[in-house]
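Heads up: the structure comes next, in structure tokens.
This structure is a prediction, so every number in the text was calculated from the model and none was measured. What's counted below: heavy atoms across the whole structure, side chains too, no hydrogens, waters or symmetry copies. We number each residue from 1, following the sequence as shown.
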Amino acid sequence: MSKRSNLKNAVIAFLVPLPSILFYLYFLTHFQNNTNPLWSWCFHHPLLLANVFFFFNVNVLFWLISRVQSSNWMIDLYWTVIPVLLVHYYATHPLAQFDRRRSKFVIVLTWVWSLRLTHNYFRREKWQWGAREDWRFTDMCQQYGKHWWWISFFAIYFSQQIFLIGICLPLHAVHSVDKPLNIWDFVAVGVCLCGIVIAYFADTQLHNFVTRNSKLKELGKPMVPNLDRGLWQYSRHPNYFGEQLWWWGLVVFAWNLGQGWTFIGALINSMCLAYVTLLVEQRMLKQEYRAEAYRLYQKTTSVWVPWFRSSAIAVKDKDT
């Protein structure tokens, strides 16, 4: 990827959220002294306004940019950014009411989660902006062919609105109920932190494994077929497990405020990730050099929740 393309994508990424940000800042400075029905609607419907921002600024604008660039790379990067934008939006909306300490906990945790995931994104992409799109999008493009230009709007962007607005509902709940801190808030903090830490170490171990295999391939040496050390010794997808802990930790915050219904977003995300797990494992099994080792890995190691491994010898005996 050329330096010019890298710089261009970086500029686009920084500029693309400005329409929503500028509109919202203008709203904050004008809604009190204006009888305009638009400002009244924005004032009384914070959750709907967030969806409007997402639809036009992400679904429509990101999709148009993807058509020009022939790549859907930006939605991956903004998965790490949109929750940060949403938590500050919910916290600063004129209708917001909340316990300040709980709000600070959630905002700081969201920033830590975002920085961790953003770092992992750029490390994986070798510190480049938009070098490639998610392999699943590429597969879908090949699957749908000439219809992909319009299917991508719904499959990638509109679906992301459901996922991201949904899993961020606890952020709205935290800033819509003013209730003193209690022990459950600290439980939620602990769950969130555990998720962030587990995901960080799992992704770091995966990055180191991929880097070593790349070097072995360059040297013409046999690659290691499977990562089964560290956290990956106890779970086939510890990074996914850590990410789920993070989102369900936010649900604990909301449940503690009497907003348990917000679990629906985390549940949909977990179901989606279960499907993604199947796709990832099918892709692993298509690679001849690792297929046999991965089948054994599947039989001996838990899918998500870390647990002690089954004996490989016992599994082989059972199969025979």
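Applying the 6.0 Å contact sphere to CZ of Arg229 captures no more than 12 heavy atoms from other residues, nucleotides or ligands. Counted within 6.0 Å of CZ on Phe56, heavy atoms from surrounding residues, nucleotides or ligands total 12 or fewer; the atom is thus considered open. Atom CH2 of Trp307 is surrounded by 12 or fewer heavy atoms from other residues, nucleotides or ligands within 6.0 Å. By the 6.0 Å contact criterion, OH on Tyr200 is open, its count of non-hydrogen atoms from other residues, nucleotides or ligands being 12 or less.
Val68 is not connected to Met74 by any chain of hydrophobic side-chain contacts under 4.5 Å among Ile, Leu, Val, Met, Phe, Trp and Tyr, and they are in different clusters. Cluster membership for Val11 and Ile75, using ILVMFWY side-chain heavy atoms within less than 4.5 angstrom, is not shared. Clustering ILVMFWY residues whenever any of their side-chain heavy atoms sit less than 4.5 angstrom apart, transitively, puts Trp73 in the very cluster that holds Val81. Neither Leu193 nor Ile198 shares a network with the other; the hydrophobic side chains, linked directly or stepwise wherever heavy atoms of I, L, V, M, F, W or Y lie under 4.5 Å apart, form separate groups for each. Val197 and Val112 fall into different hydrophobic clusters, where Ile, Leu, Val, Met, Phe, Trp and Tyr are joined by side-chain heavy atoms under 4.5 Å apart, directly or via other members.
Using a 4.5 Å heavy-atom cutoff, the side chains of Trp149 and Trp63 are in contact. Side-chain contact check for Gln298 versus Leu285: some heavy-atom pair is nearer than 4.5 Å. A heavy-atom distance below 4.5 Å is not found between the side chains of Tyr294 and Pro225. With a 4.5 Å cut-off on side-chain heavy atoms, Trp129 and Ile12 do not count as touching. Annotation: side chain of Trp135 is in contact with side chain of Val280 (closest heavy-atom distance under 4.5 Å). Between Phe53 and Val58 there is no side-chain heavy-atom pair separated by less than 4.5 Å. Counting heavy atoms from C-beta outward, Met284 and Asn226 have side chains that stay 4.5 Å or more apart. Here the side chains of Thr301 and Trp232 are not in contact, with every heavy-atom distance at 4.5 Å or above.
Taking CZ of Arg67 as the reference point, atom CH2 of Trp148 lies at 8.0 Å (rounded to 0.5 Å). To the nearest 0.5 Å, atoms CH2 (Trp304) and OG (Ser270) are separated by 5.5 Å. Here the straight-line distance linking atom CD of Gln32 with atom CZ of Phe27 works out to 9.5 Å at 0.5 Å rounding. Within the model, atoms OG1 of Thr277 and OH of Tyr275 stand 11.5 Å from one another, a figure rounded to the nearest 0.5 Å. Atoms CZ and CD, on Arg295 and Glu281 in that order, are 12.0 Å from each other to the nearest 0.5 Å. Separation of atoms CD1 (Ile268) and CG (Leu273) is listed at 13.5 Å; rounding is to 0.5 Å.
Trp127 and Glu125 form no side-chain donor-acceptor contact under 3.5 Å, judged by distance and modelled atom types alone.
Here the shortest heavy-atom pairing between Phe253 and Cys192 reads CE1-SG, 4.2 Å. When all heavy atoms of Val251 and Phe263 are compared, the closest pair comes out as CG1-CB, 3.8 Å. For the residue pair Phe98 and Ala91, the shortest heavy atom distance occurs at CE2-O, 3.4 Å. Considering all non-hydrogen atoms of both residues, Thr262 and Ala254 come closest at OG1-CB, 3.1 Å. The two residues Leu95 and His44 make their nearest non-hydrogen contact at CD1-CA, 3.9 Å. Considering every non-hydrogen atom in both Ser20 and Asn57, the closest pair reads OG-OD1, 2.7 Å.
In this structure, the side chain of Tyr144 does not engage the main chain of Trp150 through any donor-acceptor pair within 3.5 Å. At least one donor-acceptor pair under 3.5 Å links the side chain of Ser235 to the backbone N or O of Val303. Panel note: side chain Tyr78, backbone Ala13; a donor-acceptor pair is recorded below 3.5 Å. Of the possible donor and acceptor atoms, none in the side chain of Thr80 sits under 3.5 Å from a partner among the backbone N and O of Ser114.
Contacts of Glu288 classified as side chain to side chain contact (heavy atoms under 4.5 Å, CB included), with partners at least two apart in sequence or in another chain: none. With sequence neighbours excluded, the residues forming a salt bridge (Lys or Arg N to Asp or Glu O under 4.0 Å) with Arg116 are Asp203, Glu243, listed by chain and number. With sequence neighbours left out, the salt bridge (Lys or Arg N to Asp or Glu O under 4.0 Å) criterion links Arg136 to Asp134.
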Do any side-chain atoms of residues 156-170 form donor-acceptor pairs under 3.5 angstrom with protein atoms, and if so which ones, sequence neighbours left out?
unit_1, atom_1, unit_2, atom_2, d
Tyr157, OH, Asn72, OD1, 2.8
Ser159, OG, Ala155, O, 2.7
Ser159, OG, Ile156, O, 3.3
Gln160, OE1, Trp79, NE1, 2.5
Gln160, NE2, Ile156, O, 3.4
Gln161, OE1, Asn59, ND2, 2.6
Gln161, NE2, Asn51, O, 3.1
Gln161, NE2, Asn51, OD1, 2.9

Which donor-acceptor pairs under 3.5 Å do the side chains of residues 205-218 make with protein atoms, sequence neighbours left out?
unit_1, atom_1, unit_2, atom_2, d
Gln205, OE1, Leu231, N, 3.0
Asn208, ND2, Thr204, O, 3.3
Thr211, OG1, His207, O, 2.8
Asn213, OD1, Val224, N, 2.9
Asn213, ND2, Val224, O, 2.9
Ser214, OG, Val210, O, 2.9

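The stretch residues 92-111 participates, sequence neighbours left out, in these side-chain hydrogen bond (donor to acceptor under 3.5 Å, both in side chains) pairs: Tyr24-Thr92, His88-Trp111, Arg102-Asp185, Ser103-His175.
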Show, in sequence, the C-alpha distance, side-chain angles and deciding distance for Trp184 and Val187, and conclude whether the side-chain contact (heavy atoms from CB on, under 4.5 Å) test is met. CA-CA 5 Å; Trp184 285 106; Val187 171; 4.0 Å; yes
Under the side-chain contact (heavy atoms from CB on, under 4.5 Å) criterion, do Phe105 and Phe186 qualify, and how do the steps go? CA-CA 9 Å; Phe105 278 145; Phe186 295 99; 4.1 Å; yes
Can you check side chain to side chain donor-acceptor pair (under 3.5 Å) on Gln259 and Trp261, steps first, answer last? CA-CA 5 Å; Gln259 303 294 312; Trp261 63 273; 2.8 Å; yes
Full working for side-chain contact (heavy atoms from CB on, under 4.5 Å) between Glu133 and Gln69: CA-CA 11 Å; Glu133 66 178 8; Gln69 294 191 321; over 6 Å; no
Go through Trp248 and Val252 one step at a time and tell me if the side-chain contact (heavy atoms from CB on, under 4.5 Å) criterion holds. CA-CA 7 Å; Trp248 284 97; Val252 177; 5.9 Å; no
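Between Tyr26 and Trp39, the two ring planes are tilted [angle within 30° to 60°]. Using a 30° and 60° split on the angle between ring planes, Tyr240 and His237 fall in the parallel class, below 30°.
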